[in-house]
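Both backbone and side-chain heavy atoms feed into the values below; hydrogens, waters and symmetry mates do not.
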Amino acid sequence: MCGIIGYVGNRPAQGILLKGLKRLEYRGYDSSGISVIHSQKNKISTRKSPGKIANLENLLIKSSLCGNIGIAHVRWATHGAPTQANAHPHRDCKGEIAIVHNGIIENYASLKSSLIKEGHYFKSQTDTEVIVHLIEKFYKRIPLEEAVRKALKLLDGSFALGVISSREPDKLIGARSSSPLIVGVGKGENFLASDVPAVLDSTKEVIFLEENELVVLTKPRIKITNIDGSVISRDSTRITWDIAEAQKQGYKHFMLKEINEQPKIAENILKLRLQKETNRIFFEEQKIPQEKLKKIKQISIVACGTAYHAGLVGKYILEAICKIPVSVDVSSEFRYRNLLIDNETLVIAVSQSGETADTLAGIREARKLGSSVLSICNVPGSSLTRESDGLIYTHAGPEMGVASTKAYTAQLLAFYLLAFYLANIRNVLSQEQIAQYFAELKKIPGQQKKILKDQDAIARLSRRHSHFGSFLYLGRQINFPSALEGALKLKEISYIPAEGYAAGEMKHGPIALIDEYRAVVCIVNESHVYEKMLSNLQEIRARDGKLIAIASSGDKKIKVQAKEVIYVPRCDELFSPLLVALPLQLIAYHIARKRGCDVDQPRNLAKSVTVE
């Protein structure tokens with residue numbers, strides 16, 4: 001969950017590394033650091049600081065680094081508090097080697113104990129520092145590459161590494177296992193990074209490193225090997241999106257920008273996936289044979305966080321349209337339970353980043369049991385996309401806000417299109433029925449735009465409720481997961497305790513919490529459970545709960561039940577999660593802003609959860 005950037009070339013490294021770190025700050029932001037090999041003295045100089053990257057930047061203004069090769073890191077703490085000593089890069093006893101690391105070394109305690117007995121001196125509480133001392137231990141009469149290789153073979157856990165040495169000042173070494181790492185390919189310069197945005201200012205040619213691979217970068221050359229040293233040949237991939245997509249473009253926060261991008265993204269996805277004349281769906285990356293999909297008897301969805309909520313909506317969609325039984329698991333539970341899946345099970349993995357550690361572990365277990373894996377993912381070339389049998393890219397573009405917004409609705413769209421795709425090949429729906437559904441689905445981008453036209457009113461309503469100490473979100477049927485997602489958004493960025501519940505479950509416990517100090521957000525759009533939701537509203541009013549209703553345009557009954565109403569356009573209830581998501585996101589955003597919270601980089605969170 002940390003961010004790594006490395007550079008070797010002819011340009012001054014400091015500015016390139018600092019700019020790359022800023023592009024990676026969504027991956028961690030509790031401390032940061034940079035190490036550069038001085039171009040004349042062949043000596044490693046390091047600057048580190050707790051807190052945001054701005055603190056490191058101020059440090060570098062006072063004391064800059066001179067050199068053309070270096071590594072930098074922004075941290076999300078796992079071992080040790082966010083202090084200067086625990087910030088990366090870490091160095092060996094002699095100061096000849098510097099290292100940055102993303103991941104967790106599970107056997108660090110035993111390694112550290114042995115190294116201390118051998119005379120190594122540790123300065124931090126991190127697991128990372130054992131790696132640099134292991135490299136130091138082996139780095140006597142062998143090249144740095146071989147010393148790194150020997151050290152890696154002793155590590156249990158996950159890692160993405162960047163390593164430099166003042167003894168070999170022309171080399172930058174990277175390695176990965178269960179944590180993402182990419183190589184940016186330049187002309188007379190090369191880059192190492194955790195994610196693509198870090199290098200897009202300089203190159204769009206990227207190589208995605210695979211599991212247990214090591215790379216040696218010099219100015220003119222890239223050498224990739226496996227952990228045993230066998231050379232691997234791999235072509236680069238050209239990144240098609242622009243760096244402007246990873247910038248705020250005039251918005252106050254990335255989150256607000258990404259909320260407002262959703263209609264355009266939905267429009268683009270439908271244009272890309274739907275053929276106008278025939279209503280055929282195109283999934284060019286979907287390689288699972290149709291004959292196999294026809295024989296599937298159950299579907300199992302695995303995901304974490306917001307992607308898990310998308311999976312819960314996906315369950316309602318797939319069961320309603322395809323008539324296939326669907327289960328949904330949090331990835332961290334899926335991987336540890338006794339799985340009753342086989343070669344007649346389709347496992348659908350959902351992940352924005354494609355690097356979610358628990359989800360990756362889950363699909364590996366599923367494949368061992370013979371299941372086909374179809375992934376819904378936003379990042380081409382990510383680990384999940386490479387390890388799946390079939391893919392559906394969500395094409396949401398880079399999502400920089402830690403709290404997911406546009407990636408969520410893009411995942412929902414992927415589920416709708418997948419459901420119609422499966423219904424067609426399994427002959428569950430007629431072409432006329434599919435055409436009717438598509439006609440409704442094509443209205444969604446325009447309806448999302450209507451919601452965003454009223455966002456000033458949503459902002460005012462949200463600010464009026466920012467003083468409440470806790471929130472309850474209620475929904476039914478396909479919008480029960482929407483309630484869970486709304487509560488998660490509020491928790492993530494405003495730090496207000498919030499719970500999402502199926503409205504019918506309110507009487508089975510949560511109703512005890514309702515009083516004048518709790519706000520209750522109810523999703524009461526037009527649906528076959530509308531009257532049931534109205535009954536729930538009456539129960540809340542009777543206990544003086546402060547209601548916010550999300551209702552369909554033209555609903556006259558709702559005004560009797562709730563003074564505070566956010567209207568969304570009327571639509572087929574099957575597609576309503578694509579609409580109600582937007583006001584739920586805006587409520588969270590504006591409450592968090594009113595409370596003075598860091599919307600894009602909420603405390604204790606990081607965008608890509610690459611450790612268990």
Can you see which heavy atom on Phe468 is nearest to which on Phe471, and at what distance? CB-CE1, 3.8 Å

Hey, are Lys406 and Glu399 close enough for a salt bridge, meaning a charged N less than 4.0 Å from a carboxylate O? no

Decide whether Gln411 and Asn378 meet the rule of one side-chain donor and one side-chain acceptor closer than 3.5 Å. no

Could you tell me how the ring of Tyr437 sits relative to the ring of Phe420: parallel (under 30°), tilted (30 to 60°) or perpendicular (over 60°)? tilted

Main-chain N/O of Ile104 paired with Ser158 side-chain donor or acceptor, under 3.5 Å: yes

Can you check whether Ser382 reaches Cys377 side chain to side chain, under 4.5 Å on heavy atoms? yes

Locate the shortest heavy-atom distance separating Met400 from Arg23; write the atom from each residue and the value. CE-O, 3.4 Å

Tyr589 side chain near Lys252 side chain, heavy-atom distance below 4.5 Å: yes

May I ask you to test the Leu318-Ile301 pair for a side-chain heavy-atom distance under 4.5 Å? yes

Passing option when Leu422 is tested against Leu429, Val428, Ile299, Leu417 for side chain to side chain contact (heavy atoms under 4.5 Å, CB included): Ile299

When you measure from the side chain of Ser494 to the backbone of Ile496, do you find a donor-acceptor pair of N or O atoms at a distance under 3.5 Å? yes

Ser404 and Gln352: side chain donor to acceptor below 3.5 Å: no

Ignoring hydrogens and angles, tell me if any N or O in the side chain of Gln538 forms a donor-acceptor pair with the backbone of Gln561 under 3.5 Å. no

With side-chain contact (heavy atoms from CB on, under 4.5 Å) as the test, would you mind laying out the steps for Glu499 and Lys491 before giving the verdict? CA-CA 9 Å; Glu499 296 178 89; Lys491 281 183 280 197; 5.9 Å; no

Would you check, one step at a time, whether the test side-chain contact (heavy atoms from CB on, under 4.5 Å) holds for Glu564 with Leu547? CA-CA 7 Å; Glu564 303 278 22; Leu547 272 168; over 6 Å; no

Worked check of side-chain contact (heavy atoms from CB on, under 4.5 Å) between Leu274 and Ile281: CA-CA 5 Å; Leu274 287 181; Ile281 296 171; 3.7 Å; yes

Check Lys292 with Glu344, please: is the shortest side-chain N to carboxylate O separation under 4.0 Å? no

salt_bridge(Glu485, Lys489) N-O dist < 4.0 Å: yes

Are any side-chain N or O atoms of Ser179 and backbone N or O atoms of Arg176, one a donor and one an acceptor, separated by less than 3.5 Å? no

Can you confirm whether Thr405 sits close enough to Met255 that some side-chain heavy atom of one is under 4.5 Å from a side-chain heavy atom of the other? yes

Closer than 3.5 angstrom, by distance alone: can the side chain of Asp600 be matched with the main-chain N or O of Gly401 as a donor-acceptor pair? no

Between the main-chain N or O of Ser331 and the side-chain N or O of Asp329, is there a donor-acceptor pair closer than 3.5 Å? no

Could you report the tightest heavy-atom contact between Leu391 and Ser388, atom names first, then the distance? CD2-CB, 3.8 Å

Testing Ile348, Leu413, Leu418, Val350 for side chain to side chain contact (heavy atoms under 4.5 Å, CB included) with Ile392, which one passes? Leu418

If you take all heavy atoms of Ile341 and Gln298, which pair is closest and at what distance? CA-NE2, 4.0 Å

Regarding Arg386 and Glu285, does a basic nitrogen lie under 4.0 Å from an acidic carboxylate oxygen? no

Looking only at the side chains, is there a donor atom on one of Asp389 and Ser372 sitting less than 3.5 Å from an acceptor on the other? no

Salt bridge check: are Arg335 and Asp358 linked by an N-O gap of less than 4.0 Å? yes

Do Tyr393 and Glu284 have side chains that get closer than 4.5 Å, going by heavy atoms? no

Inspect the surroundings of CD in Glu440 and state if more than 12 heavy atoms from other residues, nucleotides or ligands are less than 6.0 Å away. yes

Rounded to the nearest 0.5 angstrom, the CG-OG1 distance for Leu582 and Thr409 is 6.5 Å

Could Arg476 and Glu505 be called an ion pair, given the rule that one side-chain N must be under 4.0 Å from one carboxylate O? no

If you measure only the distance, is there a donor-acceptor pair under 3.5 Å linking the side chains of Arg280 and Asn424? no

Are the charged groups of Lys264 and Glu261 less than 4.0 angstrom apart, N to O? no

May I ask you to decide if Asp342's main-chain N or O and Ser371's side chain share a donor-acceptor pair within less than 3.5 Å? yes

Quick one: are Ile550 and Val524 in side-chain contact, heavy atoms under 4.5 Å? no

Salt-bridge criterion met for Glu319 and Lys315 (N-O under 4.0 Å): yes

Value rounded to 0.5 Å, distance of CD1 in Ile458 from NZ in Lys453: 13.5 Å

Let's go through Ile566 and Leu586 carefully: what are the C-alpha distance in whole Å and the side-chain angles of both, what is the deciding distance for side-chain contact (heavy atoms from CB on, under 4.5 Å) to 0.1 Å, and is it a yes or a no? CA-CA 11 Å; Ile566 298 170; Leu586 287 167; over 6 Å; no

Exam field: side chain Asn102 to backbone Cys2, donor-acceptor pair closer than 3.5 Å: yes

Atom pair OH (Tyr501) and NZ (Lys507), whose distance is rounded to the nearest 0.5 Å: 13.5 Å

Spell out, as yes or no, whether a donor-acceptor pair under 3.5 Å connects the side chain of Asn479 to the backbone of Ser482. no

Side-chain heavy-atom pair Tyr316, Pro481 within 4.5 angstrom cut-off: yes

For Arg570 and Ser553, indicate whether the former's side chain and the latter's backbone hold a donor-acceptor pair under 3.5 Å. yes

If you take all heavy atoms of Leu181 and Ser194, which pair is closest and at what distance? CD1-N, 4.4 Å

Contact summary for Ile514 and Leu472, nearest pair of heavy atoms: CD1-CD2, 4.2 Å

Rounded to the nearest 0.5 Å, what's the gap from CG on Asn212 to OG on Ser177? Could you check? 4.0 Å

Over 60° means perpendicular and under 30° means parallel, so classify the ring planes of Phe575 and Tyr416, tilted if in between. tilted

